[in-house]
Structures are given as structure tokens and as C-alpha cells.
Amino acid sequence: MLSKLEEEKEGDASSRNSLKDRFKQLRMREEAALGEEDKVAAADGADVPSALTSPLPTSPNPNLAPGTASGVTAGPSAITNSAVDWDLWQAVVYEGPAAVARTSPEELNKAIATGIPTVIRGVIWQVLAQSKNEELEAIYWELVVRGTDKEKKAKQSKSGSSASSVHSDSSGLNGSSNEKESAAAEAERKKKEKEDLAAIQKLEKTIRRDLGARTSYSKFAAAQGLQEGLFNVCKAYALFDEGVGYAQGMNFIVMPLLFNVSDVMTLWTCMHVRLTPLPLQMPEEEAFCLLVRLMNHYHLRDLFIHDMPGLHLRLYQFERLLEDFEPALYCHLRRRGISPHLYATQWFLTLFAYRFPLQLVLRIYDLILSEGLAAILKFGVVLMQKNAANLLGITDVSQLTTFLRDRLFDYYIDPTPSSHSILENGFFGSSSSSIDKEVYRADELVRDACEIKITPEMLKAYQAEWEEKMRAEREREAEIESLRAQNASYAIRLRKLEERLQQVDAEQASLATELVHTKVENNELKDENESLRIQVQELKIVIEKQPEELEAQWKLERDDLMKRNAAVCEENRRLEAELEDLGKQLVEAKMQYAEVCIVDAGELL
């Protein structure tokens with residue numbers, strides 16, 4: 001145990017002082033309460049009781065919902081079987097857990113395994129985790145108001161003052177250009193603010209939908225007014241660590257922190273020791289700082305980032321521990337293909353808060369803050385050990401899976417709980433179970449888990465195996481990816497070759513068709529050539545005979561033309577004779593006409 005305890009850093013002195021003051025006040029108040037009880041008992045003549053009487057009846061009302069008993073809100077109990085070793089816890093707060101671990105390791109181990117006293121648990125947790133950080137608390141409140149009206153008012157006042165100063169500075173020659181640049185910057189800023197506001201509203205909606213789901217103490221948290229604090233812490237961390245954001249079920253981890261770093265536990269204690277309760281205050285900022293410490297220093301963040309490497313590592317370590325502690329059960333489950341991913345994932349993601357009652361979850365947190373997440377491995381191993389006989393007797397895979405998910409915790413259920421054990425447990429079991437009033441034997445479970453010896457060397461060896469396995473898987477994935485790339489390249493080349501083959505086939509089919517057409521045309525040309533050859537032969541014969549025929553025909557036509565020419569000549573001579581006669585007759589007619597005209601003229605005179 002105590003593997004996560006470290007020396008206090010110099011910068012943590014002021015934070016440690018505030019925790020010292022709070023521890024001092026709590027111790028003084030508790031001792032004053034015990035002194036008041038002693039006086040009351042002496043006045044009544046009664047013996048001082050060794051433990052407080054349970055305010056709950058001997059049996060819970062079965063008609064009430066989980067988380068209540070007979071109508072009384074059952075908060076975590078301040079009852080312990082032995083007196084609080086205030087000196088030991090004061091040394092833890094004042095000197096530091098690492099110093100106490102060196103001087104009194106067995107006493108500190110036993111005290112943490114027995115359970116950190118409820119009244120000082122919130123202080124001790126912050127001391128063990130060294131989570132107190134005033135700067136981070138200031139950042140928390142800035143993150144909480146982001147996207148709210150308070151942030152808008154602050155920005156408006158800030159932008160108003162800056163705008164006036166800018167206006168006064170930009171009255172020179174470059175005033176118009178500065179105004180344009182400032183207007184563009186203002187538009188860009190408003191656009192970004194609008195996008196951020198939409199993202200924050202979406203985040204808030206997601207968180208509120210998931211608040212208080214499926215825990216056995218959600219109703220008590222709502223009754224004590226922790227819902228808003230739970231919402232604020234989840235929202236602030238989602239904005240603080242963008243790599244994680246808000247993971248579904250993160251409220252399982254945050255809720256137990258709020259129960260202890262706030263005064264809810266102190267108020268509940270005061271109610272049962274008849275003290276005037278302090279004003280209910282909820283230092284959400286301390287829960288936020290403790291959550292940040294858990295996420296980073298305790299490597300809980302690795303369980304929620306992309307690909308969840310931390311979760312896979314823890315599940316592998318759990319599987320290897322199961323192989324070492326329960327080899328028969330390991331082989332039994334492995335032969336049936338049942339890996340821890342099927343049933344143990346929620347153990348690490350919720351730190352068992354999804355199943356166990358609050359008081360038992362707080363005991364688990366005690367061990368986590370002193371040992372780290374190795375405590376979850378111990379609880380997982382002891383649960384498997386106690387149920388090994390039942391699991392080895394089941395061969396059906398579905399029944400095995402159901403048993404591992406739902407009935408693995410039944411071994412530590414107290415079938416006949418006393419009123420003391422009911423109050424000591426504080427809350428009843430999972431509301432999702434068929435048995436609504438589960439009370440667990442918390443001391444026995446924690447004691448059995450602490451007896452599991454898991455050394456840091458074992459976990460480092462398993463981590464080295466897992467890293468080697470992951471490296472081999474990455475190399476194999478890289479090789480597979482390379483082969484896939486080559487295969488894709490070859491597939492592309494194959495498609496191109498297939499396309500070329502199809503193109504060649506098409507060209508071949510076209511050439512074959514063209515060849516057939518050429519053969520047909522060739523045959524047709526051969527026939528035509530033969531026909532022309534015959535025609536040529538006939539023409540040769542015709543040409544050979546044609547000159548004689550032409551000469552005979554020419555002679556005939558010549559003789560005919562000569563005869564016709566002689567006839568025409570004879571006709572011409574005849575016509576010329578007639579023309580000469582007609583000329584003579586015309587002359588005679590003109591003479592006669594002239595004589596007549598002369599006679600007529602003489603008569604007129």
C-alpha cells in the first residue's frame with residue numbers, strides 16, 4: 001500500500017496550511033462533541049456508550065426506494081468500532097503522508113484499510129492526493145460561469161472599457177482604417193463566441209441528461225442539493241481538459257468526491273451526535289482539484305482519452321493477475337472467449353460506484369488515493385477468487401457473462417444485516433438489481449482486497465508486456481496497412497490492366513469484324529474484277545473490228561455527203577438563176593412604176 005504517496009512540494013505549503021486549519025477545527029469539534037456526550041451521560045447516571053445507537057429501525061421498509069430506510073435519509077455513518085487515532089491522522093496532515101509512511105507504515109496501512117474517519121475523510125483525501133491548489137480553484141470558478149449570464153456581463157463591462165480606450169486612441173489620421181480592422185475583429189470575435197456558446201450549451205445539455213444516473217445514492221445527492229455542484233464540476237472539467245471533455249458516467253467518479261470534500265458528511269454526523277450543524281457549504285472547487293489530480297497524477301485520464309489506452313492496460317493487468325492468482329478460472333474463461341472487457345470495464349470507468357453503496361465506494365476511494373488504481377485490481381481479483389467455484393461450474397457462455405456482470409458482487413451481500421451494519425453501509429445497493437435493499441459486508445471486502453499482494457514490480461512487468469504487445473500489434477497493423485496499401489495499388493493496377501484488356505478485346509473484336517467485312521469486300525471485288533476482265537476482252541474484240549467498220553461507214557457517209565453536196569450546188573445554181581430573173585422583173589416593175597408616176601403628174605398639171 002501507500003505506493004502513490006509522495007513528498008510534499010514547496011509550492012504546496014500554503015494549501016497544506018489551510019487543510020491543517022480545517023483538520024484542527026474538525027478535531028476540536030469532535031473532541032468537544034465527545035466531551036458533551038460524557039457530561040450528558042454523567043448527568044443521567046448512565047454509562048458512556050461505546051458507539052452511537054443507530055437512528056434506523058431494525059429492518060428497512062421494503063416499499064421505499066433504494067437509498068432510504070424507513071423514510072430516514074441514510075447518510076454515511078460516523079460510527080467506528082474503535083476510537084479515531086487523531087494523533088496519527090494529525091501527523092498525516094501536518095507532516096505529510098510520505099513521512100508517516102516511513103515512520104509508521106503498518107499503522108497507516110491499517111488505518112486506511114480500516115477506513116478513513118468520515119468526519120476528516122475530505123481533508124485526508126486532499127492531503128493524500130496533494131490536490132489543494134488555490135490557482136486551480138480560481139480557474140474552476142472561471143470555467144463554471146463560462147457560457148452563463150455572469151460571463152456575459154463581465155465581458156460586456158470589459159469590452160465597454162476597452163472600446164472607449166480604443167476610440168480615444170484611434171482619433172488620428174488612421175482612424176478609419178483602425179475602425180475597419182476593429183469592426184472585422186469584433187465580428188470575428190462575436191462569431192467565435194456564438195460557436196463557443198453553442199458548444200457549451202450542447203455540453204450542458206449532455207451533462208444534465210446524465211446527472212445522477214444509476215447510482216445507489218443519487219437520490220440522497222439530489223436531496224442534499226449536490227446536483228448543481230455535480231453539474232458544475234463535470235462542466236468545469238470538460239472545459240478544462242478538452243482532450244477528455246465530458247465522458248458519459250463521469251458523474252459516478254465526481255459524486256463521491258462531493259460527498260466528502262463538502263460539509264455534507266460533517267452535517268450528517270452532527271445530526272446524529274446532537275450538535276448544531278454548520279451551514280451547509282459545498283466547496284466544489286476542492287472536488288474539482290481532487291478530480292484533476294485523480295485524472296493526471298493517478299492516470300485516471302488515460303481511461304477516458306481517445307482509444308482508452310489506460311483502460312486497456314488495466315484490463316490486461318487484471319487478466320494477467322487473474323492468470324497468476326486463479327489460473328484454472330483464467331483458462332476456464334479464456335477457452336470460452338470471455339475477456340475482462342465484457343464485465344470489468346465499468347469497474348475502472350466508475351471505480352465501482354455504479355454498483356456499490358456510497359460507504360463502500362468511499363472505502364475504495366481511500367485505497368485508490370493511497371495506492372492508485374491498483375486498488376481496483378485488488379477488488380477485482382478478490383471478487384473473482386470468491387466466486388471461482390461458482391464460475392468454474394458454469395459452462396454456458398451467456399450464463400457466465402450474466403453472472404460476471406450481475407451476480408459477482410452477491411458474495412459480499414449481508415443476508416441478515418443488523419441496524420448497525422445498515423447504518424455503517426449508509427446506503428443500499430444498486431437500484432438496477434433485482435434486490436433493492438442490498439447491504440454489503442464492506443469491512444470483509446476491503447480486508448480481503450488488502451490481503452491481495454500486488455507489487456509495483458508485477459504491474460510494471462505486466463505494463464511492459466502490454467506495451468510490447470501493443471508495439472507488436474502496431475507493427476502488425478502497420479504491416480497490414482502497408483499490405484493493404486500495396487493491395488490497393490495492385491488492385492488499381494489490376495483494374496487498369498482489366499480496362500486495357502477490355503479495350504484490347506474491343507479492338508480485337510473490331511478488327512475481326514473489319515477483317516470479315518474486308519474478306520466480303522475482297523470477294524465482291526474479285527467478282528467485279530472477273531466481270532470487268534470479260535468486258536475488257538469483249539471490248540478488245542470490238543476495238544479490233546471497229547476500224548474496218550468505221551472506214552466502210554465513213555466511205556458511205558462521205559459518198560452520201562458528196563451526193564448531197566452536188567445536189568445542193570445544183571440547187572444553188574437554180575436559185576441564183578431564179579434570183580437573177582426576179583431582179584430583172586423588179587427593174588422592169590420599177591420602170592413601169594416610174595412611167596405611171598410621170599403620167600399621173602402630167603395630168604395633174
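Below, all heavy atoms of this structure are taken into account, side chains as well, without hydrogens, waters or symmetry copies.
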task = State, yes or no, whether a side-chain contact exists between E319 and H341 at a heavy-atom distance under 4.5 Å.
result = no
query = Just by modelled atom types, is the Y246 backbone N or O under 3.5 Å from a matching donor or acceptor in the K235 side chain?
reply = no
ask   = Going by atom types alone, do N390 and Y411 pair a side-chain donor with an acceptor below 3.5 Å?
value = no
task = Answer yes or no on whether R293 is positioned over the face of Y298, meaning its NZ or CZ is under 6.0 Å from the six-membered ring centre and within 45° of the axis.
result = no
key: Heavy-atom pair of closest approach, residues L391 and L400   = O-CD2, 3.5 Å
key: L404 vs L333 side-chain heavy atoms within contact, under 4.5 Å   = yes
message = Please give me the minimum heavy-atom distance between L369 and L128, naming the atom from each residue.
response = O-CB, 4.0 Å
query = Quick one: NZ on K132 to CD on E286, what's the gap to the nearest 0.5 Å?
reply = 3.5 Å
note = Across all chains, not counting sequence neighbours, the ring-ring contact (aromatic ring centres under 6.0 Å, His included) partners of F352 are W347, F356
ask   = Just by distance, do the side chain of R301 and the backbone of G310 share a donor-acceptor pair under 3.5 Å?
value = no
Test side-chain contact (heavy atoms from CB on, under 4.5 Å) applied to V233 and E285, step by step = CA-CA 8 Å; V233 175; E285 64 275 13; over 6 Å; no
inquiry  = Salt bridge or not between R471 and E467? Use side-chain N to carboxylate O under 4.0 Å.
reply    = no
remark   = Looking only at heavy atoms, the pair that brings R314 and A374 closest together is NH1-N, 4.5 Å
query = Centres of the W89 and F23 rings: under 6.0 Å?
reply = no
request  = Give a yes or no on whether the backbone of A129 and the side-chain of H297 come within a donor-acceptor separation of less than 3.5 Å.
outcome  = no
ask   = Salt-bridged, D410 to R355, with N to O below 4.0 Å?
value = yes
inquiry  = Can you confirm whether more than 12 heavy atoms, excluding those of E135, are under 6.0 Å from its CD atom?
reply    = no
inquiry  = Just verifying a value: how many Å separate F409 CZ and D406 CG, rounded to the nearest 0.5 Å?
reply    = 8.5 Å
Check: L239 and V144 side chains under 4.5 Å, non-hydrogen atoms = no
message = Under a plain distance cut-off of 3.5 Å, with no hydrogens placed, do Y440 and Q359 share a side-chain donor-acceptor pair?
response = no
key: Check: R208 side chain, F231 main-chain N or O, donor-acceptor pair, under 3.5 Å   = no
ask   = Heavy-atom count around R334 CZ within 6.0 Å, excluding the residue itself: above 12?
value = no
task = Decide yes or no on side-chain contact (heavy atoms from CB on, under 4.5 Å) for R146 and E142, but give the supporting numbers first.
result = CA-CA 6 Å; R146 186 176 295 179; E142 294 177 2; 6.0 Å; no
task = Hey, can you tell me if Y140 and F288 have their rings parallel, tilted or perpendicular (30° and 60° cut-offs)?
result = tilted
R320 side chain to Q317 side chain, donor-acceptor N/O pair below 3.5 angstrom = no
Polar side-chain atom of N387 near backbone of L383 as donor-acceptor pair, under 3.5 Å = yes
query = Does atom CD of E242 have more than 12 heavy-atom neighbours from other groups under 6.0 Å away?
reply = no
ask   = Is a side-chain donor or acceptor of Y365 paired with a backbone partner of I253 at a separation under 3.5 angstrom?
value = yes
remark   = The side chain to side chain contact (heavy atoms under 4.5 Å, CB included) partners of Q399 (sequence neighbours excluded) come to I394, D396
note = Between S131 and C289 the two heavy atoms that sit nearest each other are O-CB, 3.2 Å
query = If you measure from CG on L362 to CG on L257, what distance do you get to the nearest 0.5 Å?
reply = 9.5 Å
ask   = Hey, is the main chain of I116 close enough, under 3.5 Å, to the side chain of D366 for a donor-acceptor pair?
value = yes
query = Could you go step by step and tell me if D443 and R363 meet the salt bridge (charged side-chain N to carboxylate O under 4.0 Å, His left out) rule?
reply = CA-CA 9 Å; D443 289 332; R363 298 283 295 276; 2.8 Å; yes
Exam field: side chain T401 to backbone V397, donor-acceptor pair closer than 3.5 Å = yes
request  = For the pair R407 (side chain) and T402 (backbone), establish whether a donor and an acceptor sit closer than 3.5 Å, ignoring hydrogens and angles.
outcome  = no
note = Heavy atoms of I120 and L26 approach each other most closely as CG2-CD1, 4.0 Å
query = Can you tell if the side chain of F325 reaches within under 4.5 Å of the side chain of M384, non-hydrogen atoms only?
reply = no
request  = Indicate the atoms forming the closest heavy-atom contact of L303 with M308, along with that distance.
outcome  = O-CG, 3.3 Å
